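Data first, discussion second: the structure below is written as C-alpha cells.
Everything numeric in this text was worked out from a predicted model, so none of it was measured.
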Amino acid sequence: MADILTPALGESVTEATIAKWTKKVGDAVKKDELLVELETDKVSLEVVAPADGVLGAINAAEGDTVAPGTVLGSVTEGGAAAAPAAAPAKAAKGEAKAAAAAAASSIDITVPVMGESVAEGSMGKWLKKSGEAVKKDELLVEIETDKVAVEVSAPADGVLTIAADEGATVTPGQKIGSVSGSGAAAAAPAAAPAPAAAPANSGSAQVSKNETLSPAVQRVVAENNLDPKAISATGPKGNITKGDAIAAIGAAAAAPAPAAAPSAPRALAPREERVKMTRLRQTIARRLKESQNTAAQLTTFNEVDMTNVMALRAQYKEVFEKRHGVKLGFMSFFTKAVVAALQEIPAVNAEIDGTDIIYKNHYDIGVAVGTDKGLVVPVLRDADTLSLAGIEKGIGALGKAARDGDLTMDQLQGGTFTITNGGTYGSLMSTPILNAPQSGILGMHNIVQRPMAINGEVKIRPMMYLALSYDHRIVDGKEAVTFLVRIKELLEDPQRALLDL
C-alpha cells in the first residue's frame with residue numbers, strides 16, 4: 001500500500017485546501033496519474049498517484065484543509081488488474097468484452113496545466129467533430145485563458161468524442177473528450193452527458209454554499225472586499241473556488257451601482273450584432289479598470305528631438321544588420337534609456353505591497369504588443385545586461401511569439417516596468433494605463449516633423465511626445481519628471497550612455 005501525501009507547498013505556505021478528487025475509492029489508477037488538486041493562497045497544486053493500483057482510501061474530503069505531509073489517501077498496489085475482472089460477472093460475456101475493449105482503447109483528453117495562478121479557461125472551437133478520425137498530436141482545440149491560448153492535441157490515433165462544448169469553462173485536469181479505437185467511439189457518446197451534470201450542481205451549490213473558504217479564496221475575497229454570500233459557487237460541495245472569486249471581482253467592477261444590473265441583454269438594432277467577449281478581452285478590461293481604481297495614476301509629458309538617434313541609426317543600420325542579423329530599431333535605444341533612468345530613480349521600478357515598498361534590483365521590461373486577440377505584454381528579462389542587438393533580438397522574438405499565440409506564462413509575468421509604442425499606429429499623444437502592480441509605464445508616440453526654436457533659429461526637427469504614467473502613491477512628481485528628462489537627455493545625446501553621464 002502506498003500513501004498519497006500532501007507535497008511541500010512552497011516557502012511560507014503552511015496549508016492547502018482539497019479542491020477536487022479526480023478518482024473515487026475503488027477506481028483503478030496508474031502511477032503519476034492526477035488524483036487530487038490542492039489550492040493554496042498562492043497557486044493550485046496537483047497530486048499524482050504514487051504507484052499503479054486501486055485507490056483504496058480517501059482520508060481528506062473536498063474542502064478540507066491539509067498541511068504538508070498529511071496522508072490524503074492510499075493506493076493499494078497490484079489491485080488494478082483485478083478491477084476489470086469484476087465486470088464480466090455483472091454483464092453478459094459479449095457486452096463485457098465490448099466494454100473492456102472500449103475501456104482499453106479509449107484515452108481521455110484532459111485540460112493541461114495552464115500556468116501558475118491560472119485556475120480555468122474557456123473552450124475554443126473544436127477543429128474536429130465527434131465521430132471523426134484523428135491522428136496522434138493533431139491539433140484538436142484551443143483553450144483560452146486570461147493570458148494565452150493553450151493548444152490541446154490528440155493523445156493517440158482513433159475516433160474523437162467531445163465532452164465539453166465551445167465556450168464552456170474548464171479547469172486543469174478536467175476531461176473534455178476522448179479518443180477511441182476499435183469502434184469504441186460508438187459507445188462513448190452515451191457517456192458524454194455525464195460532465196453536463198456538473199452545472200446542475202451549481203444551482204444547489206449557490207444555495208448550500210460552504211462558508212469555509214480555502215486560503216486562496218480567502219485572499220482574493222479579503223484583498224477585493226468581496227461578500228462571499230454574493231459569489232456564485234461552482235466548486236464541489238457548494239464551495240467557492242478561486243475562479244468564482246476572481247469572476248466576482250470583474251462583476252463588481254462592472255457594476256458601479258448595486259441596482260444597475262439589467263435583467264436581460266438589451267435588444268439589438270437592425271444593423272447591430274452581439275459577439276461574446278473572449279476571456280482575454282474580459283481580463284484586459286477587468287485588469288485595466290482595476291489598475292485605474294487601485295493606483296493614484298498621474299501622467300507627465302515631455303518631448304524628445306529624435307535627430308541624433310535617427311542619424312546614428314541611418315549611419316549604422318546596414319552594418320548593424322550584417323553583423324548581428326537583426327535590424328536596428330528605436331526600441332533598443334528607448335529600452336537602454338529606460339534602464340538607465342530606472343537605475344537612477346528606483347521608485348519607478350518598485351511596487352507597493354500592502355504598507356511596504358518592494359524595490360526591484362532587476363530590470364525586466366514589459367513590451368506591449370497588439371495582436372488580433374488583444375493586448376499582451378511579454379517581458380524582456382534582464383534588459384540591463386543586453387546589448388542593443390540583444391534587445392532587438394529579444395523584442396523581435398517576443399513580438400513574433402505574441403502574434404503567433406505562442407507566448408508562455410513565464411514570458412508574460414514578472415515585468416518591472418512597461419514600454420508601449422502607440423507611434424507604430426500613428427498616435428500623437430496618449431495617457432497609458434499602468435500595468436499593475438508596476439508603478440510606471442512609458443508611452444512612445446509618432447515621430448512628427450515640427451518647427452522648433454534651436455539657438456534662436458527656427459528649424460524643422462523630428463519630434464516625439466513621451467508620456468510617463470506613474471503611481472503617485474510611490475513616485476513623487478519630482479521623481480517622475482526627472483525620470484522622463486533623463487530619458488530625453490539620453491535619446492537626444494546618445495553619446496552620454498557611452499560615457500555613463
Could you tell me whether the side chain of [X] and the main chain of [Y] form a donor-acceptor pair under 3.5 Å?
| X | Y | value |
| --- | --- | --- |
| Thr6 | Thr70 | yes |
| Ser387 | Gly390 | yes |
| Asp227 | Lys229 | yes |
| His445 | Ser430 | yes |
| Gln413 | Asp410 | no |
| Trp21 | Glu37 | no |
| Ser178 | Ile109 | no |
| Ser427 | Gly423 | no |

Minimum heavy-atom distance [X]-[Y], with the two atoms named:
| X | Y | result |
| --- | --- | --- |
| Leu55 | Lys24 | CD2-O, 3.5 Å |
| Ile4 | Val75 | CD1-CG2, 3.9 Å |
| Asp382 | Asp364 | N-OD1, 2.8 Å |
| Ala60 | Val66 | CB-CG1, 4.0 Å |
| Lys125 | Val141 | O-CG2, 3.8 Å |
| Leu34 | Gly173 | CD2-CA, 3.8 Å |

Residue pair [X] / [Y], side-chain heavy-atom distance below 4.5 Å:
| X | Y | result |
| --- | --- | --- |
| Glu321 | Lys317 | no |
| Val159 | Val134 | no |
| Val367 | Met331 | yes |
| Leu380 | Leu398 | yes |
| Lys336 | Leu388 | yes |
| Phe320 | Val326 | yes |
| Gln292 | Leu288 | no |
| Val111 | Val152 | no |

With rounding to the nearest 0.5 Å, note down the distance linking [atom1] in [X] to [atom2] in [Y].
| X | Y | atom1 | atom2 | answer |
| --- | --- | --- | --- | --- |
| Met444 | Asn446 | CE | CG | 10.5 Å |
| Leu434 | Phe417 | CG | CZ | 9.0 Å |
| Thr76 | Asp52 | OG1 | CG | 12.5 Å |
| Met123 | Gln174 | CE | CD | 8.5 Å |
| Ile176 | Leu140 | CD1 | CG | 8.0 Å |
| Ser122 | Ile143 | OG | CD1 | 9.5 Å |

[X] with [Y]: basic N within carboxylate O range, under 4.0 Å:
| X | Y | answer |
| --- | --- | --- |
| Glu351 | Lys360 | yes |
| Asp108 | Lys175 | yes |
| Glu272 | Arg266 | yes |

Pairing donors with acceptors under 3.5 angstrom, does anything connect the side chains of [X] and [Y]?
| X | Y | answer |
| --- | --- | --- |
| Ser332 | Glu392 | yes |
| Thr416 | Asn349 | yes |
| Ser153 | Glu138 | no |

Determine whether Thr418 and Gln438 satisfy the following criterion, side chain to side chain donor-acceptor pair (under 3.5 Å), listing intermediate values before the conclusion. CA-CA 8 Å; Thr418 296; Gln438 298 171 19; 2.7 Å; yes
Stepwise, does the side chain to side chain contact (heavy atoms under 4.5 Å, CB included) test hold for Leu412 with Val377? CA-CA 6 Å; Leu412 289 164; Val377 188; 5.6 Å; no
As a quick check of understanding, evaluate side chain to side chain contact (heavy atoms under 4.5 Å, CB included) for Ile18 and Leu38, giving each step before the final call. CA-CA 5 Å; Ile18 305 293; Leu38 305 179; 3.3 Å; yes
Between Val379 and Gln411, is a side chain to side chain contact (heavy atoms under 4.5 Å, CB included) present by the stated rule, with each step listed? CA-CA 6 Å; Val379 178; Gln411 291 174 313; over 6 Å; no
Walk me through whether Thr420 and Ile441 qualify under side chain to side chain contact (heavy atoms under 4.5 Å, CB included). CA-CA 7 Å; Thr420 179; Ile441 179 171; 4.0 Å; yes
